[in-house]
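The structure appears below as structure tokens.
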2 protein chains.
Amino acid sequence: MVEHTASEKPATRATTDGSVYEGLRRRLQAVVANLAAHEALPTERELAEQYGVSRTTVRRALRSLEDKRLVYRVQGAGTFVSNTTVSKSLSLTSFSEDMRERGWRPGSRIVTADEVPAGAEIGADLQIAADEPVVRLIRVRLANDSPMCLESVYLPAAGVPGLLEGGLEGSLYEKLARYGERPARAEQVVTATSVDGADAALLDIAPGSPALRIRRIGLNRRDHPIERTVSIYRADRYDVSFAVLRDE
Amino acid sequence: MVEHTASEKPATRATTDGSVYEGLRRRLQAVVANLAAHEALPTERELAEQYGVSRTTVRRALRSLEDKRLVYRVQGAGTFVSNTTVSKSLSLTSFSEDMRERGWRPGSRIVTADEVPAGAEIGADLQIAADEPVVRLIRVRLANDSPMCLESVYLPAAGVPGLLEGGLEGSLYEKLARYGERPARAEQVVTATSVDGADAALLDIAPGSPALRIRRIGLNRRDHPIERTVSIYRADRYDVSFAVLRDE
DNA sequence: AAGTGGTCTAGACCACACA
DNA sequence: GTGTGGTCTAGACCACTTG
């Protein structure tokens, strides 16, 4: 028998968000924001009583904050507020989301939008045959109207019929969602490169300038590739930040 | 009352590893290795019965496999083997570990080993005053005896007395462990750059060649910076691979 | 010694997928 | 509808840190 022990704070069930621990995470995140670095949070057992939830649920919320690098835990000692505001999360975002997070206004200029055979390399990445058609969309992506990167997206044409006929403005991810496809995760490979004459002109940099090349393969929830993107970022304007953990 | 329901497989308690779920994870990982992509695992309830553990523990082990991108789960459908062998984990490794994972033999050639004032930038990264001394260790790191990257490590000198007097061969992480300091996580920033004359000579590449610049700040379990490293990797020999998730 | 986070159990209900 | 993973409870014991 499961009985929700009614408490002074009804634990935000059946409100906007789905789960109790998610609501609790948000409340704790607000609490953490008002604490100094290395300050201790209440103990798990205290939090459980305060918010009228089980300790398991508290731990779940704290784990979520820990994953976001907002708190750290030391066995036997307690849970503490993390050090820095650094720790950008490494989540799968669109170019537009990414730019807005960095405080810039995203924009776009289409270079190419057509349908071509996949070819060997792209076919392999998307797990389709080399002669299958793919939609190719090449854009100069802008930040505050200035070139930030040159982005080439390839999508299996079979999955997105009529995409090229609709307007190509706005979020590509939103359009994919309308086809019922949404990337749940992505594999990324980051390399350094230098940009040659043609691409350099589009990016408005001198030939031979260094750049970050990011190849991304977007996978749906069932682990099938649905998108393959290569982005060439100006080295003077962009970096990739993330946190890594010992072990895992 | 907690009673361990004895089962045919005693769930590897009190063997080499610490926890039941960790042992179960390893067993399941071996099972997964013998299944084809997208093949379904047994249900959580079946696994719980088979291995004589609670469903909570099974879920914990599966979550761990999911974090490693070895399986994916679909609510209402099941748990399935992931697609590719790609998905290098993004864990905090030393240069030597990293090279061995890539199948190369790591090596090292010391360029500079001394003690200097931190200065503004490095002091800020290590959260010490600019006039505090730091140990500076600059090395050309080799893969199969050929230059792979130029690595500059800075450590607060107060934390590692006598480090420079001992031999500087072998693993720096091991030496740090002897001082009781071990990085638990790290913040990394990856940028592209081009390498100038002096560094280019050390890396044995033409001046102006592109390179990956990785700045890493290693933090201990209590979120204090203990190490600051800048590595300049040859673009023709190195990349950074990782997976990103939607939301988080 | 006391208190903290870490692991684990047994059982309930909820949300979603699929036939 | 049936079965799956997702959430949640209440309570126990273990491993570790700290006064």
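First the proteins, then the strands, lettered A, B, ... as listed; each starts at 1.
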Grab the CZ-C1' distance between A:Arg55 and D:dG11 for me, whole Å please. 11 Å

Both conditions, 6.0 Å and 45 degrees, for the charged tip of B:Arg136 above the ring of B:Tyr154: are they met here? no

In terms of the nearest nucleotide of DNA chain D, which residue is placed more toward the 5' end: A:Arg45 or A:Tyr21? A:Tyr21

Answer with base, sugar-phosphate or nothing: what part of the nucleic acid does A:Thr43 contact at a heavy-atom distance below 4.0 Å? sugar-phosphate

Does a side-chain N or O from B:Arg73 land closer than 4.0 Å to OP1 or OP2 of D:dG6, or not? yes

Minimal heavy-atom distance between A:Val58 and A:Glu44, with the atoms involved, is CG1-O, 3.9 Å

Using heavy-atom distances to pick each residue's nearest nucleotide on DNA chain C, tell me which of A:Thr56 and A:Ala77 is more 5'. A:Ala77

Less than 4.0 angstrom between a side-chain N/O of A:Arg221 and OP1 or OP2 of C:dA17, yes or no? yes

Less than 4.0 angstrom between a side-chain N/O of B:Ser54 and OP1 or OP2 of C:dG11, yes or no? no

Need one value for A:Arg60: base, sugar-phosphate or nothing, where a base atom within 4.0 Å counts as base even if backbone is also close, heavy atoms only. sugar-phosphate

Which of these passes side chain to side chain contact (heavy atoms under 4.5 Å, CB included) with A:Asp125: A:Glu227, A:Arg216, A:Arg215, A:Glu187? A:Arg215

Nearest-nucleotide comparison on DNA chain D, the residue closer to the 5′ end among A:Val74 and B:Val74: B:Val74

Below 4.0 Å: OP1/OP2 of D:dT4 and any side-chain N or O of B:Thr79: no

Taking only the side-chain heavy atoms of B:Val53 (C-beta and beyond), determine which of D:dT17, D:dT4, C:dT9 contains the nearest atom. C:dT9

By the 4.0 Å heavy-atom rule, please label A:Arg63 as base, sugar-phosphate, or nothing. nothing

Side chains of B:Leu219 and B:Ile226, heavy atoms from C-beta outward: is any pair under 4.5 Å? no

If I take atom CG in residue A:Leu47 and atom P in nucleotide D:dT9, what distance separates them, rounded to the nearest angstrom? 13 Å

Which one is paired to C:dA19, where only Watson-Crick or G-U wobble pairs with both distances under 3.5 angstrom count? none

Any donor-acceptor pair under 3.5 Å between the side chain of B:Arg59 and the base of D:dG5? no

Scan side-chain atoms only and decide if B:Ser82 and A:Asp223 contain a donor-acceptor pair under the 3.5 Å cut-off. yes

Given atom CD of B:Glu44 and atom C1' of C:dA15, what is their separation to the nearest angstrom? 14 Å

Which is true for A:Thr57 with a 4.0 Å heavy-atom rule: it touches a base, it touches only sugar-phosphate, or it touches nothing? sugar-phosphate

Distance check needed: C:dC8 P versus B:Leu62 CG, whole Å only. 14 Å

Return the value, rounded to whole Å, for the distance between atom CZ of B:Phe80 and atom C1' of C:dC18. 11 Å

For the residue pair A:His38 and A:Tyr72, categorise the inter-ring angle as parallel (less than 30°), tilted (30 to 60°) or perpendicular (more than 60°). perpendicular

Could you state the CD-P distance from A:Glu46 to C:dT4, rounded to the nearest angstrom? 6 Å

B:Gln75 CD to D:dT7 P, in whole Å, measures 7 Å

